[in-house]
Amino acid sequence: MSWGFMRGSAWKFLQSPQYTRSGSRGTFAPPNLFYDDVQDNVSSLDDSASGEEDLDSLVFFGMMKGNVVGLRYYAGVVNNNEMVALQREPSNPYDRNAVKVNNVNGEQVGHIKKELAAALAPIMDRKLVRMEGVVPYGAHNVFTMPVNLSFWGKDDDKKGVLDHMKAHGYKLDPVLKSSGKSFPSLDAGSGSGASPPVQLTVEQLKTEFDKLFEDLKEDDKTQEMEPVKGIQTVLLPHQKQALAWMVSRENSTELPPFWEQRGNLYYNTLTNFAEKERPESIRGGILADDMGLGKTLSVIALILTNFHDGQPLPTGKVRSEKQKTNSAGKSRNTASQGQCSETREIGNSQEASATVSKRQKARKVKYDFNDSEEEWLPRKTKSSPACSLVDDDQFAMALSGASSGKKKKSKTKIIDKTTDQFEQHVQAEVDLKIYVYYGPERSKDPNSLSQQDVVLTSYSTVTHDYGNNSPLHKIKWLRVVLDEGHTIRNPNAKQTKAIHSLDAVRRWVLTGTPIQNSLKDLWSILSFLKLKPFTDREWWHRTIQRPVTMGDQGGLRRLQALVKNITLRRTKTSKVKGKPVLELPERKVYIQYVQLSTEERQIYQSMQSEGKAIIGRYFNEGTVLTHYADVLAVLVRLRQLCCHPHLVSSGSSSASLKEATPEELREKLINKIKLVLNSGSDEECAICLDSLNNPIITRCAHVFCKPCICQVIHSEKPNAKCPLCRSEIHLEHLLECPEEEFDSETVHCPNFVCRESGFIFTRLDGSMPQKKRTEAIQSFQSTADDSPTIMLLSLKAGGVGLNLTAASRVFLMDPAWNPAAEEQCFDRCHRLGQTKDVIITKYVVKDSVEENMLKIQSKKRELAAGAFGTKKPSASEMKEARIKEIRTLVDL
DNA sequence: ACCGCCGGGTGCC
DNA sequence: ACCGCCGGGTGCC
């Protein structure tokens with residue numbers, strides 16, 4: 001049944017003003033079944049996810065005492081010192097100023113007394129104030145109870161709000177009476193008593209943040225567990241730990257963090273909320289291991305080992321002698337870590353009894369089911385559970401703006417990558433039923449889907465289907481795993497809802513970067529995990545986020561306790577039993593300075609002084625940013641010069657182009673675009689600053705993304721000019737590179753010493769279709785004799801998952817703006833499966849824009865290290881930083 | 001609510 | 001009495 005859907009709609013119904021209107025005095029009795037069901041859904045995600053004001057920047061206005069009235073008419077109860085939420089109810093038929101008071105579960109407790117409500121309504125409606133309440137005593141009164149109200153808002157609005165309240169005869173007390181600090185013993189189980197109200201400095205806070213995920217004492221997470229035999233890859237110790245931890249979490253019956261039993265009630269120690277029903281255990285969490293530590297493998301092991309009810313997936317006959325090693329696939333290297341020698345049988349005792357006689361050949365089940373497949377059914381449990389691995393769309397995002405056909409291919413590719421992992425790690429004899437729920441042909445039949453063991457899909461598919469009779473939202477999943485879960489940290493409301501409303505008890509988030517920008521990232525994840533009461537952003541904010549950002553040590557301790565409870569994270573440098581998680585070979589980065597030849601230097605100098613003059617003029621006029629495209633053009637040309645003078649079209653060459661016949665011109669331009677595309681450097685489009693997407697060349701011989709330049713022409717018409725050289729451009733003069741012309745295999749690469757020297761090489765860049773990319777990677781990683789020994793790789797090509805361990809030497813021909821992009825690129829070969837020391841050489845042209853880029857890189861590194869916890873830079877600060885960067889780059 | 005408030009009943013001492 | 005006082009009805013917004 002469509003349980004998830006009904007939950008959602010039931011909530012909407014309760015929220016609607018009509019309901020309240022019909023529920024006149026004494027008759028307000030929501031159907032208990034639904035009401036209970038919506039309890040953990042009270043986080044009206046619509047409100048919280050869709051552009052709500054920035055809660056971080058709120059300041060304290062003051063406090064006052066108010067009264068909650070009408071208690072008799074509502075079912076919501078509170079305890080003394082319990083937090084309550086205030087919510088405007090403009091549609092109340094008796095008073096359009098009405099302000100509802102709800103308990104932590106979202107159940108209405110009463111209303112704010114009307115005189116005060118009349119004062120609050122206008123400022124609440126105009127979002128000048130955010131109201132929070134705590135009932136200090138009298139929680140069990142019959143008719144009315146007191147409430148301590150605190151007022152929060154933007155600093156700019158403070159005076160207005162105070163004046164407004166004064167005009168209504170209410171004076172706010174400016175002293176914050178530590179409702180946020182006086183939590184009793186909070187860290188569930190730590191018993192260390194109340195924390196002294198010690199304020200942390202911004203610096204201390206930052207340090208604590210940095211350590212938050214790195215410094216988890218993993219004493220309780222060192223237990224190892226062997227996966228079932230069906231996993232043919234030998235797990236590394238840290239993966240066995242992950243497995244043990246995840247299994248124990250899934251089978252846990254512990255109370256969730258910050259909940260404790262008191263008598264026959266369950267108390268939340270953060271909000272002082274209590275209820276009879278035991279809050280659901282958190283049967284999942286965050287696997288936040290660093291990239292490359294094998295999160296997906298750990299989860300696959302989990303799925304098979306702890307499939308359902310603490311039992312492994314019933315498997316067919318499995319082999320045990322021949323083991324794959326834990327190298328990352330078809331690497332030409334033999335596996336590292338000396339695991340090849342480990343041939344002892346793995347598996348656990350439970351597994352044997354769970355073996356099932358039926359063997360199935362088919363590993364991937366297609367869209368329709370036939371009678372013979374009905375035979376598989378008896379194996380399934382009653383609830384017909386399945387597992388969904390929601391994959392990310394990063395590839396698609398990297399290609400945004402590409403034709404839809406291209407996009408689709410790449411997304412499927414991402415899912416295929418996960419499918420590949422299953423194939424790689426799970427024995428072929430295991431009749432694991434995997435279904436890829438993706439594309440127009442996907443089965444909309446929940447029954448056939450729920451007969452799968454694993455369903456793979458993408459975030460966008462989940463979102464697209466949501467509310468559209470989606471089978472994904474009808475199935476009660478065995479577990480839902482969000483791969484690269486951080487990609488939904490800043491989602492739109494629909495995506496959040498669609499993903500959060502997937503129905504599963506076991507809920508996992510895989511991410512290498514659990515917190516990237518702020519604590520909000522974490523909230524999004526916690527909300528997905530359905531950790532009460534954090535599904536509602538208000539409670540997260542009041543109990544954790546605000547105390548922490550205000551420097552409250554108790555808040556930080558709670559945060560630490562929480563993270564420790566639900567997260568497992570190891571970095572590449574973490575140690576297991578005194579040994580590093582990954583004993584990767586060394587990685588050395590060298591910078592090789594390059595001198596330009598006299599001739600090149602001459603060209604460079606003239607172009608540099610020309611560029612400096614232009615940019616210098618913009619500086620004087622204060623119009624650097626309005627001419628940003630021109631500035632970038634200068635920089636791009638300087639960078640191109642550092643690579644090779646051929647890359648730059650000088651003014652003279654475009655002059656000569658003019659004299660050519662149209663046919664000659666066309667040929668020259670095609671040659672030129674081929675040169676750019678095949679140069680091996682990651683050519684950027686000067687408009688979007690990203691890799692070239694659907695590249696075209698202008699008559700003035702500049703290459704841009706087609707959509708980018710078309711937009712420029714459109715917006716500047718009828719006199720559009722080339723963003724790089726300001727010569728006239730016309731839509732009908734744009735030339736595309738003929739498809740067959742950038743067939744990579746036979747490309748002549750003018751930049752490298754490689755073809756002439758007889759090297760076999762391949763290439764990978766953003767302009768290549770997905771199929772070519774896969775071929776390139778496969779041929780490169782292959783151990784065959786004629787396999788290429790060199791890959792020309794563009795900095796931005798491919799996803800983070802790309803495995804190029806066949807390479808142990810990296811030559812970076814031109815530096816990237818963003819050091820993280822370089823690092824990521826290096827990590828593609830310096831990862832699990834690499835056996836040799838990796839030597840990286842960054843070529844940097846002496847006395848050039850490239851050298852200055854290094855300076856910017858180190859600044860960016862510092863910034864990235866300190867970005868967390870501090871406020872995000874404002875637009876003007878960003879501009880300021882940009883301008884500074886430009887100054888550094890051109891030595892002005 | 002063991003209150004406040006409302007409005008009808010009532011009206012010397 | 002266009003008041004005061006009494007006591008019953010009543011009760012969020």
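Each chain gets a letter, A, B and so on, in the order its sequence line appears, and its residues count up from 1.
Put simply, CG on A:Leu71 is 19 Å from P on B:dC3, counting in whole angstrom units. At whole-Å resolution of the value, CG in A:Asn67 and P in B:dA1 are 15 Å apart. Protein atom CG of A:Asn97 is 17 Å distant from nucleotide atom P of C:dC12, rounded to whole Å. Distance CG (A:Asn141) to C1' (B:dC3): 13 Å, rounded to an integer number of Å. The separation between A:Arg72 atom CZ and C:dG11 atom P is 9 Å, rounded to whole Å. When the C1' atom of C:dG11 is taken as reference, atom CZ of A:Phe143 falls 8 Å away, rounded to whole Å. Protein atom CE of A:Met124 is 16 Å distant from nucleotide atom P of C:dC13, rounded to whole Å. Between A:Asn92 atom CG and C:dC13 atom C1' the separation is 5 Å, expressed in whole Å.
Crowding of A:His140 atom NE2: a count of heavy atoms from other residues, nucleotides or ligands under 6.0 Å exceeding 12.
For the residue pair A:Arg542 and A:Val84, the shortest heavy atom distance occurs at NH1-O, 2.8 Å.
Side-chain N/O atoms of A:His111 and A:Glu89 include a donor and acceptor closer than 3.5 Å.
Taking the ring axis of A:Trp508 as reference, the NZ or CZ atom of A:Arg479 does not stay both within 45° of it and closer than 6.0 Å to the ring centre.
Here A:Tyr73 counts as stacked on C:dC12: its ring centre is under 5.5 angstrom from the base ring centre and the planes meet at under 30°.
Nucleotides C:dA1 and C:dC5 are separated by 12 Å at their C1' atoms, to the nearest Å. Rounded to a whole angstrom, the distance from the C1' atom of B:dC2 to that of C:dC13 is 26 Å.
B:dG9: Watson-Crick or G-U partner is C:dC5, with both key distances under 3.5 Å.
Salt-bridge check for A:Glu280 with A:Arg507: failed, with every basic side-chain N at 4.0 Å or more from each acidic carboxylate O.
Residue A:Lys114 places at least one side-chain N or O closer than 4.0 Å to OP1 or OP2 of C:dC13.
With hydrogens and angles left out, the side chain of A:Tyr94 and the base of C:dC12 share no donor-acceptor pair within 3.5 Å.
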